[in-house]
Amino acid sequence: MSGWLVKSEPFVYAWDQLVKDGKTCWDGVRNYQARNYLLQMRKGDEVFFYHSNEGLSIVGIARVCREAYPDPGADDPRWVAVDLIPWRTLPRPVSLSQMKADPRLKDMALLRQSRLSVSPVREAEWKAILELAGWQENV
DNA sequence: GCCAACGTTGGC
DNA sequence: GCCAACGTTGGC
């Protein structure tokens with residue numbers, strides 16, 4: 001199946017924090033393209049969690065537990081948030097340089113448009129990343 | 001801290 | 001509706 005990727009600066013909200021919290025409201029998105037992807041997320045969808053600025057790697061997989069609803073922190077109801085729960089921590093984080101070096105991932109939205117904070121991940125890309133992460137299960 | 005890429009804003 | 005100026009993001 002295909003999935004998603006969200007970025008977070010670990011200073012602001014790190015993967016470990018999500019694991020500790022058990023659930024988080026993914027809000028604060030103020031970009032139309034990213035918002036459109038949020039709207040397309042469905043309950044149960046898997047979401048790679050990427051650390052930007054510091055770490056520069058995908059560290060875990062979250063799942064959507066609540067589909068898009070108006071961002072409680074926005075004065076404009078067109079902005080939306082979703083709720084995420086942690087699902088699995090990757091056996092090995094997959095770094096940006098690894099992704100850049102892998103020809104299977106050269107068309108990834110993350111690499112092509114680095115500023116986008118929410119982006120889709122295609123099935124083939126998803127599998128390639130799991131492989132780089134040393135994933136054992138067949139998911 | 002710098003710079004490139006991209007989005008947004010505002011004057012015309 | 002175009003485009004220059006500016007702000008923000010994110011990698012290095």
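Values below: all heavy atoms of this structure, side chains included; hydrogens, waters and symmetry mates excluded. Just so it is clear: chains get the letters A, B, ... in the order the sequence lines come, proteins before strands, and each one is counted from 1.
A close approach under 4.0 Å does not occur between any side-chain nitrogen or oxygen of A:Q113 and OP1 or OP2 of C:dG10. Between C:dT9 and A:Y50, no contact under 4.0 Å exists linking OP1 or OP2 to a side-chain N or O. OP1 or OP2 of C:dT9 has not a single side-chain nitrogen or oxygen of A:K7 nearer than 4.0 Å.
Using a cut-off of 4.0 Å between Lys/Arg side-chain N and Asp/Glu carboxylate O, A:E46 and A:R88 are scored as not salt-bridged. Salt bridge status for A:D107 with A:R112: present, with a side-chain N to carboxylate O gap under 4.0 Å. The pair A:K127-A:E123 meets the salt-bridge criterion, since a charged nitrogen lies less than 4.0 angstrom from a carboxylate oxygen.
Straight-line distance from the CZ atom of A:F11 to the P atom of C:dT9: 15 Å, rounded to whole Å. Taking atom CG on A:N53 and atom P on C:dT8, their separation rounds to 15 Å, with Å as the unit. Atom pair A:R30:CZ and B:dC6:C1' shows a separation of 18 Å (rounding to whole Å applied). Atom OH in A:Y32 sits roughly 16 Å away from atom C1' in C:dT8 (whole-Å rounding). With rounding to whole Å, A:Q98 atom CD is found 15 Å from C:dG11 atom P. Across the protein-nucleic acid pair, A:L5 atom CG and C:dT9 atom C1' stand 15 Å apart, rounded to whole Å. Rounded to whole angstrom, the span from the CD atom of A:E9 across to the C1' atom of C:dT8 amounts to 11 Å. Rounding to whole angstrom units, CE of residue A:M108 and P of C:dG11 are separated by 12 Å.
Residue-level contact check: A:L116 touches neither bases nor backbone, having no heavy atom under 4.0 Å from any strand.
The side chain of A:N31 sits closest to B:dG7 out of B:dG7, B:dC6, C:dC12.
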message: Working note: A:R42 + A:E67, criterion salt bridge (Lys or Arg N to Asp or Glu O under 4.0 Å); need CA distance, chi angles, decisive distance, verdict.
response: CA-CA 6 Å; A:R42 291 296 168 256; A:E67 294 178 15; 3.6 Å; yes
